[in-house]
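Order of listing sets the numbers, starting from 1, for every ligand and every atom in it.
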Amino acid sequence: MRSALALLLAAPALVAQSPVPPGGWHHVRLPASFFAGNRARLLQAIKAMGPGTIAVLKSMPVQPANGDGDRAYRQDSDFYYFTGVEEENSVALLDGDTGKYTLLVQPRDPRMETWTGPRLGVEGAKALGADEAFTFNEGETGKGDSPADKELQKTLRAAKRIVFMDNLDMPFRDRVLDVAYPKGTTNWGGGDKILVDGRAMSAEMRSIKQPAEIEMIKKAVEVSIEGHLAAMKGSPRFTNEGQVAGAFEGTVRSLGARFLAYETIAGAGNDGCTLHYPFNDQPIAPGSLILMDAGAELGFYTSDITRTWPANGTFSPEQRKLYDLVLKAQDAGIAEMKPGNPHIASMYAAGRIISDGLVDLGILKGDKDEVFKKMEWKRFLPHGVSHWIGLDVHDAGSYGQGDAIYRRGGSRKLEPGMLLTMEPGIYIPKGAEGVDPKWQGIGIRIEDDILVTKDGPVNLSARLPRKAEDVERLVREGLKKR
Ligand code: GLY
Ligand code: MN
Ligand code: MN
């Protein structure tokens with residue numbers, strides 16, 4: 001046993017122990033009660049609109065990839081939130097008068113299931129909570145004469161008010177509109193139905209995360225952290241951006257992420273200045289920074305993390321000055337993420353620090369108040385610095401009203417249970433006019449996932465080192481293993 005003194009003297013671990021089990025979290029899902037609870041809230045809302053109100057939801061259309069192939073199928077976030085159904089060609093109907101929940105799904109089909117696996121069918125749909133379930137003919141959702149088609153047409157025709165969660169599935173939208181507005185009538189007149197945008201209703205429900213959702217996002221974040229650690233520690237061995245992205249993606253997939261929350265951004269040097277750099281295929285020049293913005297999706301919930309580190313484990317003096325500035329801005333932004341504060345407060349807090357810092361470094365010139373007020377700093381930080389995360393990486397939920405979101409009074413107030421990123425950066429591309437060449441070719445972003453609680457902000461991705469010295473130490477750990 002180690003003595004108490006030895007324990008006291010032991011160097012603290014750089015990265016706290018991972019809570020991710022060695023086998024990962026494959027196929028984690030929220031319980032059926034979660035989806036039932038969401039439907040109950042939706043039912044209450046549509047009931048309150050008056051008699052004859054129904055809600056109609058449609059699964060995400062299949063996205064073709066090329067001639068004979070489709071992209072990996074990922075369910076529409078709203079459809080998932082209210083049903084838990086992961087299959088394509090599905091429709092959900094909720095009747096505000098009776099509370100009846102109906103699922104219209106694909107038929108069981110041994111031949112098709114040989115290719116893509118088992119389907120829910122009527123039995124599976126009922127097991128997921130549907131009071132009634134009907135099947136479409138193969139590949140059809142609403143235009144044929146299958147039991148599901150008939151049920152859909154009957155329900156739409158009988159309704160007075162249709163709350164439609166339109167997800168740009170155009171053929172399905174046409175089917176709803178054909179019933180809602182027969183013979184060229186519109187919402188303003190002629191027809192006997194009112195069409196309501198259900199997306200706005202679901203966005204409000206989704207903007208406050210429930211405890212089970214927060215736990216799932218924590219898992220997605222932890223898996224992403226493992227991916228970032230693999231990429232950072234591996235980078236002394238890497239010679240190409242593709243290896244950085246590959247280390248992240250291989251790790252998160254092996255730990256249970258079926259999907260990425262978004263396409264990985266792994267840019268070295270000047271490529272870090274391209275905000276959504278899509279290529280990840282260039283050589284890593286000696287002495288360059290690597291910017292990786294990468295997130296796993298776990299159980300349909302996303303994470304969104306960016307780290308920037310020196311490929312060789314040591315920041316140059318210029319890189320370090322800019323890095324410390326971004327980190328200071330991020331800390332200031334996170335500190336604003338308290339209940340009651342407007343969402344935009346974090347942008348102004350971080351922006352002020354970046355703006356003043358760029359003047360101190362001589363990159364921007366003039367009076368600090370003027371430079372900040374005239375938003376000159378936006379030249380080097382052209383993106384927003386915070387967005388909701390959840391089922392979508394840029395999650396549903398309003399930020400306030402129109403242009404008013406840029407004014408404190410018009411920006412949405414933060415509430416416990418909101419989850420959002422804080423992601424300031426500085427980007428000075430090669431050839432930036434009027435900027436000393438020593439600063440050029442540097443792109444830095446630091447992004448973490450913040451939970452608003454009644455006691456203030458909690459950084460869910462804090463386990464992944466951010467301070468310059470910690471980042472250097474971590475990368476150098478990889479150097480030792482060469
Ligand atoms: N990864 C996209 C974003 O940071 O918003
Ligand atoms: Mn983001
Ligand atoms: Mn990001």
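To the nearest 10 degrees, the angle centred on the Mn ion (ligand 3) between OD2 in D293 and OE1 in E447 reads 100°. Vertex the Mn ion (ligand 2); arms to E423 OE2 and H387 NE2; angle rounded to 10 degrees, 80°.
Of the protein's heavy atoms, E423 OE1, 3.0 Å lies nearest to atom 4 (O) of ligand 1.
A ring-centre distance under 6.0 Å is found for H383 and Y427. Residues Y80 and F35 place their aromatic rings such that the two centres sit under 6.0 Å apart. In this structure, the ring of W309 has its center no less than 6.0 angstrom from the ring center of F315.
Shown in contact with H276 at under 4.0 Å from a heavy atom are these atoms of ligand 1, numbered in order with element: 2 (C). Against a heavy-atom cut-off of under 4.0 Å, E447 is close to the following atoms of ligand 1: 4 (O).
Ring geometry for H276 versus H394: interplanar angle of 30 to 60°, hence tilted.
Rounded to the nearest 0.5 angstrom, I265 CD1 and Y277 OH are separated by 11.0 Å.
Looking at D304 against ligand 1, only its side chain comes within 4.0 Å, counting heavy atoms.
Look at E86 and R29 and you find a salt bridge, because one of the NZ, NE, NH1 or NH2 atoms lies within 4.0 Å of a carboxylate O, short of that distance.
Taking the Mn ion (ligand 2) as reference, the nearest N/O/S atom within D304 carries the name OD2.
Judged by the shortest distance from any of its heavy atoms, H383 lies outside the 4.0 Å radius around the atoms of ligand 1. The closest approach between H394 and ligand 1 falls below 4.0 Å for a heavy atom of the residue.
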